[in-house]
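The block underneath contains the structure these notes are about, expressed in structure tokens.
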Amino acid sequence: MKIAHIEAIPFAIPYRKPLRFASGEVHTAEHVLVRVHTDDGVVGVAEAPPRPFTYGETQQSIVAVIDRIFAPEVVGLSLLEREVMHARLERTVGNPAAKAALDMAVWDALGRTLDLPVTQMLGGFTDRMRVSHMVGFASDEAMVADAERVRDTYGITVFKVKVGRRPVSLDVGACRALRAALGPDVELYVDGNRGWTPSEAARALRAMDDLDLTLSEELCPADDVLGRRWLTAQTTIPTVADESATTPGEVTRELLGGSATMISIKTARTGFHTSQRILHQCEGMGVEVVMGNQVDGQVGTACTVAFGAAHRHSSRRAGELSNFLDMSDDLLTEPLEIRGGELAVRPGPGLGIEIDPDKLAHYRTD
Ligand code: MUC
Ligand code: MG
């Protein structure tokens, strides 16, 4: 059960349709596949999606930090020594996606070693989650067409609409068009990726007051400390902290500072180990969570649903699990399938997924 060898493999898979949002855009999934090999010949996998506009990581930095710093620190540890592993990883600041992928690949290897599904080892609450779909920036007509296609094809009825453009009326118009086209029974919420000032965000929320939005996420930057508190205090829509709450300490700061009332948990940045801490922290404080999406591929999405479905508190809301639908291809032998608006956890040991060697050979860039 000892970690013998770690691979960090860069790969690139184009998107059919890029995702655009206030802090950036993604045209190609330039991710890193992390493989943890044990001395028993077991291999655990996970993927790290670099998001330079959110965390400063790049594909090259993820490969380098794993090869040069993390692998030497964790090779030789048992799969059960996860606290030791994290204490060593935490000697290096930042690099959340690299740390998270390593953590989840270790969990996958542990599940395969014990012949147990990771989702059951984490909590085993349920076997599926409702799916929420992210609608990126485009014309009103294209955003409506995207949401209608996803609803009609996959049965998804929960949508997170990207906002944060200027003028504010652009996004108010898009949300209004989506509500008019999709009707009152569909859930809509918004994510600004820090695009607005607090006063712009307040104006936008006032202008959308009649649209029955259920959540508002990162409308303005966390560093606008008093402005964000002012905004959160005046809206009746729960304020979700996403990129401002990436560690247990940041979660505490956002919640106790009155700058957020809900937390987005992303396994792509906090793995299973730290996501579980944040989840329990939120549950203990009576704070709701949403399982977020770091523009994940199918490997990452399998990780999110395995974690989200494992716990009562993380499975209550629809998880953001559909971004992979916009990719032109992926790495799994058996693709994930969303049906009736739900994504089931993969059965089988570990994460229950297998990497197709031909696809990996085709898309790897090293
Ligand atoms: C999201 O919820 O913000 C887009 C940027 C990022 O960091 O994550 C995605 C989705
Ligand atoms: Mg977000």
Side-chain angles (χ1 to χ4, degrees), residues 15 17-31 47-59 61-62 94-98 100-101 131-138 143 146 150 158-165 171 175 187-196 201 204 213-222 228 231-232 237-247 250-251 254 259-270 275 278 288-297 300-301 303-304 307-308 314 317-327:
Y15 270 77
K17 175 170 81 65
L19 182 70
R20 295 193 165 89
F21 40 94
S23 56
E25 46 189 69
V26 178
H27 294 258
T28 305
E30 290 174 321
H31 298 179
E47 75 178 319
R51 297 290 164 250
F53 38 78
T54 313
Y55 312 112
E57 290 172 290
T58 64
Q59 197 180 36
S61 79
I62 289 172
N95 295 283
V131 175
S132 160
H133 181 71
M134 275 200 278
V135 182
F137 293 165
M143 289 171 76
D146 182 35
V150 163
V158 183
F159 296 93
K160 167 155 118 174
V161 188
K162 289 299 192 181
V163 298
R165 290 178 288 186
D171 293 324
C175 290
E187 178 179 343
L188 292 181
Y189 59 106
V190 290
D191 182 1
N193 289 113
R194 301 160 276 141
W196 285 328
L213 301 176
T214 54
L215 309 173
S216 69
E217 181 171 316
E218 298 284 354
L219 297 185
C220 54
R228 220 161 96 132
L231 177 70
T232 303
I237 302 174
T239 304
V240 182
D242 171 9
E243 55 264 47
S244 61
T246 67
T247 64
E250 287 178 351
V251 168
E254 287 303 299
S259 299
T261 49
M262 271 180 71
I263 298 295
S264 172
I265 296 182
K266 293 185 174 175
T267 53
R269 67 173 172 232
T270 40
S275 293
I278 291 175
E288 288 176 64
V289 303
V290 56
M291 290 308 302
N293 187 318
Q294 201 60 69
V295 201
D296 301 311
T301 304
C303 290
T304 304
F307 181 90
S314 52
R317 287 195 53 83
E320 296 163 7
L321 299 164
S322 63
N323 196 75
F324 69 86
L325 295 173
D326 290 335
M327 286 170 63

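Ligands are counted one by one from 1 in listed order, and the atoms in each one are counted from 1 as well. Values in this document were obtained by computation on a predicted structure and should not be read as measured data.
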- Note on the structure: Going by the 4.0 angstrom heavy-atom rule, the piece of Asn293 near ligand 1 is backbone
- Item | Any donor-acceptor N or O pair under 3.5 Å, side chains Ser259, Thr232 | no
- Of the choices Gln294, Glu243, Arg51, which has the non-hydrogen atom that lies closest to atom 7 (O) of ligand 1? Gln294
- Which is it for Glu57 and Ser61 under the side-chain hydrogen bond (donor to acceptor under 3.5 Å, both in side chains) test, yes or no, and what are the steps along the way? CA-CA 6 Å; Glu57 290 172 290; Ser61 79; 5.4 Å; no
- Task: Just do the salt bridge (charged side-chain N to carboxylate O under 4.0 Å, His left out) check on Asp242 and Lys266 with the steps written out, would you?
- Result: CA-CA 8 Å; Asp242 171 9; Lys266 293 185 174 175; 2.8 Å; yes
- Note on the structure: Here the N/O/S atom of Glu217 closest to the Mg ion (ligand 2) would be OE2
- Task: Look at Arg228 together with Glu254 and state whether they make a salt bridge at an N to O cut-off of under 4.0 Å.
- Result: yes
- Query: Are any of the side-chain heavy atoms of Asn193 and Phe53 separated by less than 4.5 Å?
  - Reply: no
- Close side-chain approach of Asp146 to His133, heavy-atom, < 4.5 Å: yes
- Item | Heteroatom test (N, O or S) for Asp191 near the Mg ion (ligand 2), limit 2.8 Å | yes
- Item | Lys162: numbered ligand 1 atoms lying under 4.0 Å from its heavy atoms | 1 (C), 2 (O), 3 (O), 4 (C), 10 (C)
- Query: Which protein heavy atom lies closest to atom 5 (C) of ligand 1, and at what distance to 0.1 Å?
  - Reply: Phe21 CE1, 3.3 Å
- Taking atom OG1 of Thr247 and atom CD1 of Ile278, what is their separation to the nearest 0.5 Å? 6.5 Å
- Message: Using a distance threshold of 2.8 Å, state whether an N, O or S atom of Asp242 lies below it from the Mg ion (ligand 2).
- Response: yes
- Numbered atoms and elements of ligand 1 in range of Asp191, under 4.0 angstrom, heavy atoms: 1 (C), 2 (O), 3 (O)
- Closest to atom 2 (O) of ligand 1 (heavy atoms only, candidates Met134, Arg20, Lys160) is Lys160
- Between Arg317 and Glu288, is there a salt bridge with N-O shorter than 4.0 Å? no
- Consider every N or O of Lys266 and every N or O of ligand 1, then say whether any pair is closer than 3.5 Å. yes
- Using a strict cut-off of 4.0 Å, indicate which atoms of ligand 1 neighbour a heavy atom of Thr54. 6 (C), 7 (O)
- Note on the structure: A student checking ligand 1 against Asp242 at a 4.0 Å heavy-atom cut-off should list atoms 1 (C), 2 (O), 3 (O)
- Query: Rounded to the nearest 0.5 Å, what separation is found between the CG atom of Leu188 and the OG1 atom of Thr214?
  - Reply: 7.5 Å
- Note on the structure: Of all protein heavy atoms, the one nearest atom 3 (O) of ligand 1 is Asn193 ND2, 2.8 Å
- Message: Need the ligand 1 atom indices (1-based, order shown) with element for anything under 4.0 Å from a heavy-atom of Glu217.
- Response: 2 (O)
